[in-house]
There are 2 protein chains.
Amino acid sequence: MNYREAGVDIGRKANALQAAAAKIGETYTPEVLKGMGAFGGMLLASRLKGMREPVLVASTDGVGTKTLLAVQTGRYEGLGFDLVHHSVNDILVQGARPLFFMDYIASARLEETLLGAVLASLAEACKAVGIPLLGGETAEMPGVYREGALELAGTIVGVVERDEVVDGKKVRPGDVLLALPSSGLHTNGYSLARRVFEGWNLEEPREELAGRSLAEALLEPHRCYLREVERLWGAGVEVKAMVHITGGGVYENLPRVLPLGLGAEVWRGSFPVPPIFGLIQRAGQVEEQEMYRVFNMGLGYILVVSPDRVGEVQALLPQSHPVGRIIEGSGVQVV
Amino acid sequence: MNYREAGVDIGRKANALQAAAAKIGETYTPEVLKGMGAFGGMLLASRLKGMREPVLVASTDGVGTKTLLAVQTGRYEGLGFDLVHHSVNDILVQGARPLFFMDYIASARLEETLLGAVLASLAEACKAVGIPLLGGETAEMPGVYREGALELAGTIVGVVERDEVVDGKKVRPGDVLLALPSSGLHTNGYSLARRVFEGWNLEEPREELAGRSLAEALLEPHRCYLREVERLWGAGVEVKAMVHITGGGVYENLPRVLPLGLGAEVWRGSFPVPPIFGLIQRAGQVEEQEMYRVFNMGLGYILVVSPDRVGEVQALLPQSHPVGRIIEGSGVQVV
């Protein structure tokens with residue numbers, strides 16, 4: 001491929017994946033420099049020059065075994081949202097706004113329809129967030145991957161002013177945990193969920209899931225909390241700490257942003273638990289504590305604010321619920 | 001883990017991998033911001049403020065099936081260099097200097113010794129290049145990976161002044177290709193190489209390899225060309241285009257940086273071909289053209305310069321060889 005021929009320079013991805021290529025092109029902001037025969041993607045970073053002390057924030061993550069359910073049911077359209085939203089949330093916790101995304105897709109064999117669907121999904125997710133899918137890599141490795149298995153990982157890079165990094169330093173006992181709801185499992189707990197539902201009909205509508213099928217409920221894409229948090233920032237609301245509830249649930253994720261000497265109490269029943277979790281718990285006879293250790297249980301993203309800001313946050317974000325508080329001590333108790 | 005306890009904040013990697021964690025800590029430049037309970041790694045990007053028009057350059061890549069040979073022979077110490085060097089070279093082609101690296105390591109099961117060795121290797125490679133291993137992710141997915149198989153991928157982010165992006169625009173017919181030697185296969189062609197040597201003794205010293213074993217020759221780490229190119233920049237030598245010879249060999253990689261209407265001629269016999277390639281060709285009865293399509297054949301990195309700069313480059317980089325020239329037309333001919 002000659003660089004002048006490459007209108008949308010996605011390198012290895014261009015052949016016979018035109019629809020996905022066009023969608024990737026739509027993610028390109030004016031900051032993306034194109035047509036350079038690029039081995040790497042290029043982003044003009046002039047906006048960092050206007051900042052006082054720009055801090056780049058980067059995170060690498062994967063979708064995990066949620067891909068196996070997508071393959072099993074032939075539903076790939078949510079996977080890009082899963083990966084991009086997970087990644088956006090991970091750096092948002094530190095106050096960073098996303099700049100660009102890079103993907104990594106690997107399998108024993110990458111059939112074009114599958115690859116096109118995953119790339120299109122990644123591009124749609126990036127476009128919705130407002131960042132370019134700047135580059136990526138695809139690999140076919142039959143010696144590494146199980147037949148039919150899919151790996152989807154990626155790296156996000158964002159930026160935050162150094163003095164606006166959210167670091168939990170001002171968190172005090174009595175501060176309130178306000179949760180934004182998850183849409184389901186997001187991208188964690190799929191090993192357990194897949195074990196529990198082995199042999200079940202994934203496509204049958206179920207009453208316990210309000211008429212949805214297991215496939216629909218389990219593959220519901222990871223939610224993104226960028227717009228909600230931006231709304232708070234726009235209104236000048238001080239958020240002392242933020243937590244993205246991923247693998248390890250509230251038990252492992254909340255302590256990551258709390259200063260030494262502080263713990264947290266999470267109030268059972270104070271927030272809606274999506275029905276898929278109840279079904280997993282009953283079908284798998286999983287203890288409740290284990291459920292909170294593996295899954296987000298409906299707590300997608302937690303904001304830590306002082307008690308006098310709770311009303312303001314709830315006015316701006318009607319979906320938010322007070323679900324607990326900061327206490328002296330350490331660790332997390334679900335009470 | 002509480003953020004204050006985490007001297008070296010590598011999150012998920014900290015447990016029982018202390019040696020690797022210490023090495024990762026050694027990669028941290030003063031620009032790395034630590035101890036924030038970080039979901040993402042943070043790098044103070046003040047140096048971009050001092051640039052005229054900073055362009056971020058990012059590339060994601062994997063080591064491919066070279067990992068399978070490493071697992072088979074228990075030699076992991078080169079894998080980090082493979083990944084980091086491959087990545088550094090990929091963005092160097094556009095004139096970018098590396099800023100930081102993010103890794104992704106996945107397997108069916110990640111045994112601690114293996115994970116520690118791979119992380120230590122990544123950290124050593126990053127340290128040698130002078131960049132922090134800012135973050136990463138490890139995943140254990142028995143449903144995705146074959147038993148004993150290892151995935152190693154990563155993302156590099158670098159930076160270049162917009163008006164210093166190397167883009168091949170000034171390349172003219174008659175310009176000279178100067179090659180810097182590869183150390184062996186680097187990270188490409190392992191599917192073919194593994195097929196050719198299936199059943200061979202990998203540890204036996206071989207006369208054809210100057211007394212080295214197949215394992216040693218095949219696992220020789222990917223070379224990094226950053227220091228060489230920096231030497232040219234330091235001396236003010238204009239390099240019109242650069243090519244990292246990876247998958248697809250000279251045939252696919254050279255055209256990526258040539259303007260429309262130009263092709264290249266590569267002169268057989270003008271450069272040393274490492275003995276491992278001759279052995280693969282003979283043992284596998286591979287046609288020569290196919291060899292040049294799959295492997296770098298000793299051409300690790302190619303500089304395109306005008307004929308009057310060749311002497312200067314060779315004086316600065318005694319390892320460089322004139323190996324071909326730019327011609328009118330298109331495509332690459334090995335003559």
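Letters A, B, ... are given to chains in the order of the sequence lines, protein chains preceding strands, and every chain is numbered from 1. Keep in mind the model is a prediction, meaning the values are calculated, not measured.
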Most contacts with chain A, counted as non-hydrogen pairs under 4.5 angstrom, among B/P142, B/A96, B/G154: B/P142

I'd like to verify something: which residue of B/S107, B/S59, B/G143, B/G64 has the highest number of heavy-atom pairs under 4.5 Å with chain A? B/G143

Could you tell me which portion of B/V157 (side chain, backbone, both or neither) has an atom closer than 4.5 angstrom to a non-hydrogen atom of chain A? side chain

Between B/L150 and chain A, which part of the residue has a heavy atom less than 4.5 Å away: side chain, backbone, both or neither? backbone

Non-hydrogen atoms of chain B under 4.5 Å away: do they reach the side chain of A/A153, the backbone, both or neither? side chain

Who wins among A/N89, A/I156, A/D90 for the most heavy-atom pairs under 4.5 Å with chain B? A/D90

At a 4.5 Å cut-off on heavy atoms, which part of B/A241 comes close to chain A: side chain, backbone, both, or neither? neither

Using a cut-off of under 4.5 Å for heavy-atom pairs, which of A/G331, A/S87, A/G247, A/A45 has the most such pairs with chain B? A/A45

Counting heavy-atom pairs under 4.5 Å with chain B, the top scorer among A/R162, A/E151, A/R194 is A/E151

Is any side-chain heavy atom of A/D61 less than 4.5 Å from a side-chain heavy atom of B/Y104? no

Taking side chain as everything from C-beta outward and backbone as N, CA, C, O, which of these in B/Y190 sits under 4.5 Å from a heavy atom of chain A? Side chain, backbone, both or neither. neither

Are the side chain of B/E53 and the backbone N or O of A/S46 linked by a donor-acceptor pair below 3.5 Å? no

Just by modelled atom types, is the B/R146 backbone N or O under 3.5 Å from a matching donor or acceptor in the A/R146 side chain? no

Would you indicate whether the side-chain heavy atoms of B/L56 and A/M42 approach each other to under 4.5 Å? no

Looking only at heavy atoms, the pair that brings A/T60 and B/M102 closest together is OG1-CB, 3.2 Å

So how far is it from B/K49 NZ to A/M51 CE, rounded to the nearest 0.5 Å? 8.5 Å

What part of B/L48 is in contact with chain A, defined as an atom under 4.5 angstrom from a non-hydrogen atom: side chain, backbone, both or neither? both

What part of A/V144 gets closer than 4.5 Å to chain B, counting heavy atoms only: side chain, backbone, both or neither? both

